[in-house]
Amino acid sequence: MKVFCIGRNYVNHAKELNNPVPNKPLVFMKPTSALVRKGKDVYYPEFTKEMHYEAEIVLRICKNGRHIEEKFAHKYFDAITIGIDFTARDVQRECKAKGHPWEIAKGFDDSAPIGQFIELSEVDLNAIQFHLTQNGKTVQDGNTKDLIFPFANLISYLSKYFRIQTGDLIFTGTPAGVGATQIGDHLEGFIEGKKLLNCNVK
Ligand code: ZN
């Protein structure tokens, strides 16, 4: 399985990091060793002093495909959840400055906790409200109506380059409000007010 991630998919987040708004989806991947399920603890890595949370809607792929047309893309995922794309921002800044790939800043162990999946029938895909709390306080609040590249667009685009396979996941990008996390933090992710993700940083 593969874990696709999309960068800068909300205008207000691209702006907060002074990045240009892309005209095509910005794609990167995380290895499966980055995934953390069922609320297991996350360990703060020793190589960063600036680990940021990025709360994102995650799609679960349910069908294999290539060169998928946008109008058929909805048939290729069957569940969603909220996940965190943990990012070593200081390391990423260094990679970006050198023009290097991002993997060490984005794909490290435990950098992708995901919540419990819910059926698509529970949400309106074009306007999913989601939020993240840090020690009980809301730090990110997003809605998929603000996506630059909606889900169908992402699946179609990815499938031009990669075979889409059952079990693959797509982190669809983060809204504004990213920030630093510390050891001892308790992060919780919600979709439409329903708690799906629980993450303790140790
Ligand atoms: Zn992200």
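Starting from 1, each residue takes its place in the sequence as its number. Remember, it's 1-based here, ligands and their atoms both numbered in the order they're listed.
- Between the side chain of Ser159 and the backbone N or O of Ile155, at least one donor-acceptor pair lies under 3.5 Å.
- Distance alone, capped at 3.5 Å, is enough to place a donor-acceptor pair between the Lys30 side chain and the Lys106 backbone.
- Sorting the N, O or S atoms of Asp85 by how far they are from the Zn ion (ligand 1) puts OD2 first.
- Restricting Glu54 to its N, O or S atoms, the one at the least distance from the Zn ion (ligand 1) is OE1.
- With no hydrogens or angles considered, a side-chain donor-acceptor pair links His186 and Asn198 at under 3.5 Å.
- If you look at Glu56 and ask which of its N, O or S atoms sits nearest the Zn ion (ligand 1), the answer is OE2.
- Note that Lys202 lies outside the cation-pi zone of Tyr43, set by a 6.0 Å cut-off to the ring centre and a 45° limit from the axis.
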